[in-house]
Structure formats: C-alpha cells, structure tokens
Protein chains: 2
Amino acid sequence: MNTGKKILIADDEPDILEILEFNLKAEGYEVATVKNGDQALEKAKTFQPDLIMLDIMMPGKNGIEVCNLLRMQPAFKKTLIIFLTAMSDESTEIKGLESGADDYLTKPVSTKVLSSKVSALFRRLTKESTGVVQVGDLMIDREKYNVSYRGEDIVLARKEFELLSLLASKPGKVFLRNEILNQIWGTEVIVGDRTIDVHIRKIRQKLNLDCITTVKGVGYKFEL
Amino acid sequence: MNTGKKILIADDEPDILEILEFNLKAEGYEVATVKNGDQALEKAKTFQPDLIMLDIMMPGKNGIEVCNLLRMQPAFKKTLIIFLTAMSDESTEIKGLESGADDYLTKPVSTKVLSSKVSALFRRLTKESTGVVQVGDLMIDREKYNVSYRGEDIVLARKEFELLSLLASKPGKVFLRNEILNQIWGTEVIVGDRTIDVHIRKIRQKLNLDCITTVKGVGYKFEL
DNA sequence: ATTCCGCTTAACAATTTGATAATACTATAA
DNA sequence: TTATAGTATTATCAAATTGTTAAGCGGAAT
C-alpha cells in the first residue's frame, strides 16, 4: 500500500516523532522527520511534502512562525499544514488556523484520529480544489457527472456513478455494505443486498477494469 | 489592498466567524458578521453585501431558510450566497445548490479553499454580467440577447435564451433540474418538470446541434 | 378584434433505470 | 467431501425519467 503522498513532521519530542512516523508509514505515506522549526523550513524545500505537521511549541522558531514563513513562499501556498498542540488550547487553535493551517491535532494523538484527519485532508484537497477524483488513469468528475478511463468516456447510470464515486473517493478503503447503503440509498430507503452486487457488476462490466475488489463478508473496495 | 467587495458572514460559532473574518479582511474584503439567521436578514438590508456566507445549522432560521427568504427579494437576486456546512454531507450540498446558493464550503474551512472559492465566485460574477460567452463556434451575447453559430444568427425566445445561457456558462457542468428552476424561474414560481424539457427541445431544434446532453436522473449539460 | 408569439401544461410515447427473484458460482469450515 | 454462507450473474418487471406533440392561455402587436 503506497499513497504516494509525502508528509513532513516537525516536533522536538522524539517519542511523538516516532509514533507519528510509524503510524503514517503504516498508512502508506512517505515520511520525513525533523526536530525544530529551522530544520522544517530547510527540509520542506528539498522534500516537497504534500502535508506538513508542525508542533506549535518547539525550540527556536515555533510552529506558527514556521507556518507563516512557509505560506509566504509560493511553493507552499497549497501545501497542507497541520498543527500539533500539547493541549486543547483554544486560543492557540485559532491562531493556528489564522496563520494559514488547514487543521490541528491535539497531543497525545490517537492513531485513529491521526489517520482519519490526514486522509480527510487529502480527500478534501482533491475534492474541493478540482471537484475531480483521479485514481491512476481513471477520472471521475462529479460536476460533469462523467467517468473516463484514459480519455475514453464511460457512461454510467446515476446509481452506478454514485457507487463508483463513493468507492473511489477513498481508494483502498473497504466500504461495508451498510455504509454503502447509507451513503447512496440513505437510511429511509430499504433495498436488498443483491442490489448492491448488481450495480457493482454493472460497473465492473462497463469499466472493464479489475478495480473493484470484493472483501467477502465485509464489503467492497476500489483499487487500481 | 482593497477589493471594495462586501461580505456578510452568518454563523453561530464565534471561532468560525473570527477565522473567516480575519482571513477575508486580510484578502481585502469588507466584512460584517452576525450570529444567526434573523440578524443576517436584517444586516443584509443595511449592509448590502456582495457575498453572503450562511451557516446551514444555526439557531432560529437556518441557512437554507435565510437563503430562500433572501432570494425572494429582488435586491438579493444577484447577491452571491455560499453555504457553510459542518461536514462534507453531499445531500446537504445538493439541497444548498437547489435552494439557490452559488457554492458551499465545508467546515473546517482551509484558508486556501476559502480565498480561492470567494475570488472565483467574484470572478465568475463579473464575467457573467459583462457576458459574451463563446463556446467553439457558438456565441452568446447576454447584452445584445442574441445567439449566433458560425456568424449565423439564431433567434431564441427569452426563456430559451436564458436556459441556453445558463447551461453554456459552465460547459460540461451538469445542472440539476432544481438548479435550473432556481436560476431561471426563481424560487417563487413553480412550473412543472416538462416545462424544462420542452424548452430544451426547442433549443435543440433551433440550434440543430448536438450540444445539450441529458444526464438522466440528474439534469442537463452543455457541451459542444 | 384578430393574429401572432412565447410560455406552460396535459397527455402519451419512448426510453432508461433500478430492484428483485431465481439460479449459478466460490471459498471456507466442518 | 460436503455443507454453507456469501457473492455473481442473468433475466425480468416495475418504476422513474425524459421526449414529443398538441393545445390552451394571455399579452403584445397589427
């Protein structure tokens, strides 16, 4: 599993660095770590991360300063930045967001929160900036409501589109059948289990790609 | 740096208000903030904003209600409205667009997304109001109110013109039926679904081009 | 007053979509 | 191996959606 995303972490506490690095690598991210703000600024230039996690309290330049310096450079205008704060300090949180961070995390960081925030940010980035989900050669445009593979348009019916769109929104993630039902059919409508299968089948047929995997007894996942 | 544009923000969470206000002021906008829907309606009259950002979930009148009330008043027909939603809830998003909003933002709002969306909306506004839209060989002149294909004038009735004009304003984008109704007929008037079809048909007939695609169960899109 | 034109709707046809049942298949555990 | 649970496939029917035509209405122009 490799997401192809690079994350730079700056924190002066070795324990934190280790925990974050371990977990994020396990999620398929490429990770670099540094111990203070100045190193963060340097490393950011060479490493070109997609996401930077900055501890607020660091010796030398603190996280907020680093963030401001980064945001001044055009190369990091679009880079995601998450602050790490020792406690849920509200004023700090606001200062963080004001200085151009995209989110914040409070320490100690639970692995669940960590991975969900990180993946949510990446998802949001691709979704909001373009409205287009792209996985490999497959493009899903929610606004234009079309799907194309290597430039070739593929016509999907509404439910098929929504289903594929959902699965592809988080490649690799296994969507439980219930999750799919709730997302696409809502809680009011009740349809049989076979219905999902049939739609999945139609998508597979139309895409003619081996990209939707069945996880028996669990659900489906999308992966190219 | 001063854009001369006024933005009104309505949200019950002080943190959000503060962050948005700070960032938008930094971008050169004049900002006013209110804490609920009723205040938003009042303030809108005196402040005459160019853009209104409405939280969907607010005590008293919610954002969607406020939007509908605003859109009923001629003074706010052209005002830009953005919804703020707590989560990336797609059904809310669609409801928002259907009720006449121009865009939506999911909270927490990254500063990057915020400024890009806002400036994009203003850009679109000035573009549309001055409007000569050209897509391939097709020209739509909003001021002269005429359409021509390869120099040849095509006479369209008002509704037909507006409909084509709307669809062509964003080629490729699928316009939901409700979106179309809100944009062209407004929220007060209620017309049947067939009405849209008939106008679409007439446009297709008159243009004699295969440029309006039906996306069944979703809406229509324009593409040459 | 009459005619023309644009807008809307009703009515029906045509089409597409979605859901289900019935059946076949497949991996796994007993 | 066989039983079993879960999934795949297929055909079919009902429902949803859209296309088309014609007709009615009302305002503007003649």
Side-chain angles (χ1 to χ4, degrees), chain A residues 145-147 153-167 174-223, chain B residues 91 94 98 140 145-147 153-167 174-223:
Chain A
Y145 236 95
N146 74 358
V147 177
D153 271 16
I154 296 163
V155 182
L156 297 182
R158 195 173 76 184
K159 281 277 188 299
E160 292 158 18
F161 181 86
E162 285 174 8
L163 183 48
L164 175 64
S165 187
L166 174 67
L167 294 181
V174 177
F175 287 83
L176 312 182
R177 293 182 101 91
N178 278 324
E179 221 173 321
I180 294 173
L181 289 176
N182 279 318
Q183 291 284 327
I184 295 186
W185 278 267
T187 44
E188 299 139 56
V189 191
I190 294 169
V191 293
D193 261 8
R194 286 316 98 236
T195 302
I196 296 180
D197 305 20
V198 174
H199 285 297
I200 290 281
R201 182 180 170 281
K202 285 185 179 166
I203 294 172
R204 283 173 170 155
Q205 208 170 35
K206 288 185 179 177
L207 289 191
N208 194 29
L209 277 172
D210 185 26
C211 60
I212 297 179
T213 315
T214 306
V215 182
K216 213 172 169 176
V218 187
Y220 294 93
K221 70 174 166 180
F222 176 92
E223 232 167 5
Chain B
S91 65
I94 290 177
E98 283 177 0
I140 301 173
Y145 239 76
N146 74 357
V147 178
D153 270 16
I154 295 164
V155 183
L156 294 182
R158 190 159 37 255
K159 282 279 191 284
E160 292 159 16
F161 180 85
E162 284 174 16
L163 183 47
L164 175 63
S165 186
L166 174 66
L167 295 182
V174 175
F175 288 83
L176 312 182
R177 291 182 100 89
N178 281 319
E179 222 173 319
I180 293 173
L181 289 177
N182 279 316
Q183 294 285 327
I184 295 185
W185 279 267
T187 45
E188 307 133 66
V189 192
I190 294 169
V191 293
D193 262 7
R194 285 318 96 241
T195 303
I196 295 179
D197 304 23
V198 174
H199 286 297
I200 290 282
R201 183 178 175 283
K202 286 187 176 168
I203 295 172
R204 283 173 170 156
Q205 211 168 33
K206 288 185 180 177
L207 289 191
N208 194 29
L209 278 171
D210 185 25
C211 59
I212 297 179
T213 314
T214 306
V215 182
K216 217 167 174 176
V218 188
Y220 293 94
K221 68 174 164 183
F222 176 91
E223 232 168 4

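In this text the structure is predicted, and so the values were computed from the model without any measurement. Lettering of chains follows the sequences in order, A, B, ..., and the numbering in each one begins at 1.
The CG atom of B:D197 sits 16 Å away from the C1' atom of D:dA22 (whole-angstrom rounding). Distance B:Q205 CD to D:dT20 C1': 10 Å, rounded to the nearest Å. Rounded to whole Å, the distance from CD1 on B:I200 to P on C:dT9 is 16 Å. Spacing between atom CZ of B:F175 and atom P of D:dT18 amounts to 16 Å, rounded to whole angstrom units.
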**OP:** For side chain to side chain contact (heavy atoms under 4.5 Å, CB included), just list the numbers for A:F175 and A:Q183, CA-CA rounded to whole Å, side-chain angles, deciding distance to a tenth of an Å, and then say yes or no.
**Re:** CA-CA 10 Å; A:F175 287 83; A:Q183 291 284 327; 5.8 Å; no
Original post:
Should A:K221 and A:E223 be marked as a salt bridge (charged side-chain N to carboxylate O under 4.0 Å, His left out) after you check the CA-CA gap, both sets of side-chain angles, and the distance that decides it?
Top reply: CA-CA 7 Å; A:K221 70 174 166 180; A:E223 232 167 5; 3.7 Å; yes
**OP:** Kindly indicate, with the supporting measurements, whether the criterion side chain to side chain contact (heavy atoms under 4.5 Å, CB included) is fulfilled by B:V174 and B:Y220.
**Re:** CA-CA 5 Å; B:V174 175; B:Y220 293 94; over 6 Å; no
Subject >> Per-nucleotide protein contact string for nucleotides 16-25 of chain C (B base, S sugar-phosphate only, - none; heavy atom under 4.0 Å) >> reply: SSBSB-----
Please tabulate, for the side chains in residues 188-195 of chain A, all donor-acceptor contacts under 3.5 angstrom to protein atoms that are two or more places apart in sequence or on a different chain.
unit_1	atom_1	unit_2	atom_2	d
A:R194	NH1	A:D197	OD1	3.1
A:R194	NH1	A:D197	OD2	2.0
A:T195	OG1	A:G192	O	3.3

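OP1 or OP2 of D:dA8 sits under 4.0 Å from a side-chain N or O of A:T214. Dashed line: the shortest gap from a side-chain N or O of A:R201 to OP1 or OP2 of D:dT7 is not under 4.0 Å. For the OP1/OP2 pair of D:dA8 and a distance below 4.0 Å, the side-chain nitrogens and oxygens of A:R204 include at least one atom meeting the criterion.
Within the structure, ring pair (Phe, Tyr, Trp, His ring centres under 6.0 Å) contacts touching residues 182-201 of chain B (residues at least two apart or in different chains) are B:W185-B:H199.
One N or O on the side chain of B:R204 and one on the backbone of B:I212 form a donor-acceptor pair closer than 3.5 Å.
Here A:Y220 lies in heavy-atom contact (under 4.0 Å) with sugar-phosphate atoms only.
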